[in-house]
Each structure stands twice: as C-alpha cells, then as structure tokens.
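Numbered from 1 within each chain, the chains take letters A, B, ... in sequence-line order. What you see is a predicted model; the values in this text were computed from it and never measured.
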There are 2 protein chains.
Amino acid sequence: MRRDIFQAIADPTRRAIIALIALQAMTPNAIADNFNFTRQAVSKHLRILKECDLIKQQTKGREIYYTLQIEKMKEIDEWLHQYRKIWESRFSQLDDLLLTIKNKEK
Amino acid sequence: MRRDIFQAIADPTRRAIIALIALQAMTPNAIADNFNFTRQAVSKHLRILKECDLIKQQTKGREIYYTLQIEKMKEIDEWLHQYRKIWESRFSQLDDLLLTIKNKEK
DNA sequence: AGTTTGCGAAACCGATTAGTTGCACTTATA
DNA sequence: TATAAGTGCAACTAATCGGTTTCGCAAACT
C-alpha cells in the first residue's frame, strides 16, 4: 500500500516511536518496552513508518535497529511552509498596525 | 469526541479543504464544488476541522463561511521544531566537515 | 544438536473512518 | 404564503485501523 507521511504521524503511538528513535537507534523489543502494547503491535507501526521512508533499518545479527530518517520530516516542514508564510505576513501586518498607532500618538 | 490536529490533517481531502479556505472564506457548497464528493461529505470534514479549532465559521444569512484558523497550524510547527533542530545540527556538522576538508587542502 | 531469543507475517476482531442517502430546519425569493 | 436554496444531522455501509494471538524462521546460546 502506498503510505502517506501525514497518515503516518497521525497516530500518537507512532509519534512517540519517532521521538524515541530520534535520539538513538532502537530494536523493536526495546521500543516495545516503552509501551503497553505487544512487540508485534510496535512491529506493525514500524512497518508503516518504513513504508513511507520515515525510518530505516539496520540488521545486526538477529537484532534489527531502526533509525529515524530525519530528512523525511522536512516534507512536513515544506507543506507547512505555505501556511507559515501566511501567519508571518499577518504578524507583520499587526506590526504595521502597531506602528501606525504609535505614529498617531506622536 | 476530542480531536487531534494530526489526525485532522491526515486526510488528503481535509488538507485540500485547508488549502482552499486559507486563501478566502468559503461556504460548504463552494468547497464541495471542488471535489467529487457530496456536500454532506465535505460538511463532515468541516466538522472535524472545527472540532480541533483549525477552522471557524461565520454565519451570513443562510450561508456559513468557513475560515482557516492559521494560528492553530503553529501547533504542528511547534511539534516539528524538535526535529528541525536535529536536521539543522546535522547540516551544520556537514558544514564543519566541508570546512575541515577545505582547510586541509590549503 | 537442542533451546532460547528476536523478529516479521498472517489471521482474526472490534472500533473508527469516510463516504453515501434521506431528512429537518432556517433563510431567501416568487 | 408557497417554494427554493443552504445547511447540519442521523442512519447506514464498505473499507481501514490498531490491537491481539499464533506461527515460522534465522541467529545465538548451552
């Protein structure tokens, strides 16, 4: 199935997993220790995160270490950019207004 | 139901609605004209967006105009901030590396 | 060689999602 | 006042989601 990064971060557990492995590479078991779910449930989340390239895996013996692909997070940032422009322009409009009021007081 | 902004933007149709009303306030009918869904389907999306304060409505006669609450989008930006710090620090590490190489060449 | 450990995949299940149709209500128009 | 237009809500439905249990397989340990 084609995965969407926005759908991937929609689930709070997946966001928590992202936060965990952002700090250091972790195995599924180590990740699952932080939750009340089974390792298999975590494994399913990892699969979804992997399907949209948010994480990558590195096998080491029988263990698999998952790491965050921080580059992928930029996609959200890029989507947000168009709206950031809007709120920043509104903020500068407010600045202009305050400046006008200030000048009138003189 | 308590709504989550991340869940709200997970749906591509809702992201399209957000993009539409970011430009100008629109009525449900006007929004629905842009999709192949029924007006009622759009109405349900609007309800979800409203439940997490991403949009607000303004009644004008029998019409209801929906506008984007751009401030709410900042919540995503704040969540993203922790990861932005990471990719920016990695970028500066790359800068350091390039600088080191450059100095060696001298 | 036999057992334990770490993992993913499959089958299953209840809850949720995203759409539909049908309806009721309010406002504008003839 | 009757009718049309704009809207939200409720009931229904197929598909998806997020969890579980069970299983099979490969690597590591005894």
Tabulate below the donor-acceptor pairs under 3.5 Å that side-chain atoms of residues 39-50 of chain A make, not counting sequence neighbours, or state none.
residue, atom, partner, partner atom, Å
A:His45, ND1, A:Arg14, NH1, 3.1
A:Lys50, NZ, A:Gln57, OE1, 3.3

Exercise. Counting just side-chain N and O atoms, does B:Gln57 come under 4.0 Å of either OP1 or OP2 of D:dT7?
Worked result: no
Problem set entry | Distance test, side-chain N/O of B:Ser43 to OP1/OP2 of D:dT7, below 4.0 Å |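 No, B:Ser43 has no side-chain N/O under 4.0 Å of OP1/OP2 on D:dT7.
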Side chains of residues 28-36 of chain B: which donor-acceptor pairs under 3.5 Å do they make with residues two or more places apart or in other chains?
residue, atom, partner, partner atom, Å
B:Asn34, ND2, B:Ala30, O, 2.9
B:Asn34, ND2, B:Ile31, O, 3.3

Between [N] ([atom2]) and [X] ([atom1]): distance, integer Å:
{"X": "A:Ile64", "N": "D:dC25", "atom1": "CD1", "atom2": "C1'", "answer": "12 Å"}
{"X": "A:Lys60", "N": "D:dA27", "atom1": "NZ", "atom2": "C1'", "answer": "15 Å"}
{"X": "B:Arg47", "N": "D:dC9", "atom1": "CZ", "atom2": "P", "answer": "6 Å"}
{"X": "A:Ile48", "N": "D:dT16", "atom1": "CD1", "atom2": "P", "answer": "13 Å"}
{"X": "B:Asp33", "N": "D:dA5", "atom1": "CG", "atom2": "C1'", "answer": "14 Å"}
{"X": "A:Ile17", "N": "D:dG18", "atom1": "CD1", "atom2": "P", "answer": "11 Å"}
{"X": "B:Ile9", "N": "C:dA18", "atom1": "CD1", "atom2": "C1'", "answer": "18 Å"}
{"X": "A:Asn29", "N": "D:dA27", "atom1": "CG", "atom2": "P", "answer": "17 Å"}

For this session: Can you figure out which of C:dT4, C:dG8, D:dT7 approaches the side chain of A:Arg62 most closely?
Result: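 Ranking C:dT4, C:dG8, D:dT7 by closest atom to the A:Arg62 side chain puts C:dT4 first.
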For this session: Encode nucleotides 19-24 of chain D as B, S and - characters from 5' to 3', where the letter depends on protein heavy atoms closer than 4.0 Å: B to the base, S only to sugar-phosphate, - to neither.
Result: BBBB--
